[in-house]
Amino acid sequence: MSMMNQGSGRGPVALLRRIALGGAVLVGVIVVLSSWYTIEEGEIGVVLRNGAVHDVASPGLHFKLPVVDAVVALSTRTEKLHLPQVAAYSQDIQAAEMTMSVNYRINAGQVKEIYARLGVNYADRILIPALLDRTKAVFGRYNAPAIVGERSKLVAEITESLRDAVTDEGIIVESVQIENIDFSDAFEQAIEQRMQAEVEVTRLRQNLEREKVQAEIRRTAAQGQADSTVVQARAEADSSALRAKAEADAIRLRGEAEAAAIRAKGEAMKASPDLIDLIRAERWDGKLPATMVPGGAVPFVDVTGR
């Protein structure tokens with residue numbers, strides 16, 4: 001009877017030992033396996049040892065001390081923060097509600113400091129308050145019409161101001177967008193009317209400038225035509241003067257030639273009286289006069305011989 005009790009006693013103990021050993025091995029395997037961890041691309045791991053920041057881990061497979069170490073992964077990718085309702089007042093005390101967004105990422109070289117000071121909710125603790133504060137400050141430097149007409153300049157100033165506020169905190173602001181600015185309905189209507197009036201003034205100025213240009217073109221054309229007429233008149237006058245001078249010169253030259261011929265003939269007649277008879281003979285047509293005066297002689301014919 002006692003031997004049976006001993007046999008039955010050893011059986012449960014051995015089983016328990018096997019179960020305990022199996023459990024220990026299983027726990028050991030789990031612990032060993034859980035000591036390996038992977039950091040994905042676009043992330044950085046913050047290794048915590050007993051709750052304190054110990055090291056950082058780059059993307060890849062890593063080992064940590066069981067139980068003692070823990071790892072928190074932080075994204076280094078560009079993230080987008082969306083704020084649907086950001087209220088601000090313009091310089092001329094016009095209330096506006098904006099829809100904004102920010103593209104940002106953390107500085108990989110400052111991950112330990114970021115986690116130590118801010119934890120994983122660094123955007124809620126630093127980025128959002130800074131965005132709200134800097135937006136209101138910059139927004140308040142513009143009056144409402146300038147905000148409507150110079151939105152790109154407004155966004156650029158908000159972006160630069162936000163960068164100055166969070167860069168030292170390890171947050172890199174890539175861009176800020178103002179997707180919508182909503183003023184009161186009455187003010188938006190007044191802005192629209194003002195812009196329409198400015199467009200009309202611009203149109204009238206353009207028309208006036210166009211009319212000035214056209215008038216100048218007409219004046220220039222008329223002046224050109226008048227100048228052309230004057231030039232033509234001058235050319236015709238000069239041509240007439242040249243023709244008159246040429247005719248006068250021709251008459252003068254003919255007169256001088258005839259006078260020279262007369263002088264030459266006179267001088268020749270003086271030098272040779274017989275030349276007169278020769279000229280008469282050359283001009284005689286060979287007919288004698290039909291009537292003769294008693295006692296008269298036959299005209300210019302000397303038949304006596306000399």
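The chain is numbered in sequence order, starting from 1. Computed from a predicted model, the values in this text were never measured in an experiment.
Counting heavy atoms of neighbouring residues, nucleotides and ligands inside a 6.0 Å radius, atom CZ of R77 exceeds 12 of them.
Sorted by first and then second residue, the side-chain hydrogen bond (donor to acceptor under 3.5 Å, both in side chains) pairs with a member in residues 127-137 read R134-S161; sequence neighbours excluded. Listed by first and then second residue, the salt bridge (Lys or Arg N to Asp or Glu O under 4.0 Å) pairs that reach into residues 92-116 are R105-E174, sequence neighbours excluded. Residues in residues 40-50 take part in these salt bridge (Lys or Arg N to Asp or Glu O under 4.0 Å) pairs, two or more places apart or across chains: R49-D69.
Between I147 and F183, some side-chain heavy-atom pair lies under the 4.5 Å cut-off. With a 4.5 Å cut-off on side-chain heavy atoms, E160 and R163 count as touching.
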Would you be so kind as to tabulate the donor-acceptor pairs closer than 3.5 Å made by side chains of residues 116-127, with sequence neighbours excluded?
unit_1: R117; atom_1: NH1; unit_2: E169; atom_2: OE1; d: 2.6
unit_1: R117; atom_1: NH2; unit_2: E169; atom_2: O; d: 3.4
unit_1: R117; atom_1: NH2; unit_2: E169; atom_2: OE1; d: 3.4
unit_1: R125; atom_1: NH1; unit_2: L118; atom_2: O; d: 3.0

Can I get a per-line list of side-chain donor-acceptor pairs under 3.5 Å for residues 206-215, giving both atom names and the distance, sequence neighbours left out?
unit_1: N207; atom_1: OD1; unit_2: R210; atom_2: NH1; d: 3.3
unit_1: N207; atom_1: OD1; unit_2: R210; atom_2: NH2; d: 2.5
unit_1: N207; atom_1: ND2; unit_2: R203; atom_2: O; d: 3.4

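Residues L61 and F63 are members of one and the same hydrophobic cluster, defined by side-chain heavy-atom contacts under 4.5 angstrom among Ile, Leu, Val, Met, Phe, Trp and Tyr. Clustering ILVMFWY residues whenever any of their side-chain heavy atoms sit less than 4.5 angstrom apart, transitively, puts I128 in the very cluster that holds V166. A single hydrophobic cluster is seen to contain both L81 and I158, as judged by linkage of ILVMFWY side chains at heavy-atom distances under 4.5 Å, directly or through other members.
Residues that satisfy the ring-ring contact (aromatic ring centres under 6.0 Å, His included) test with H62, not counting sequence neighbours, are Y37.
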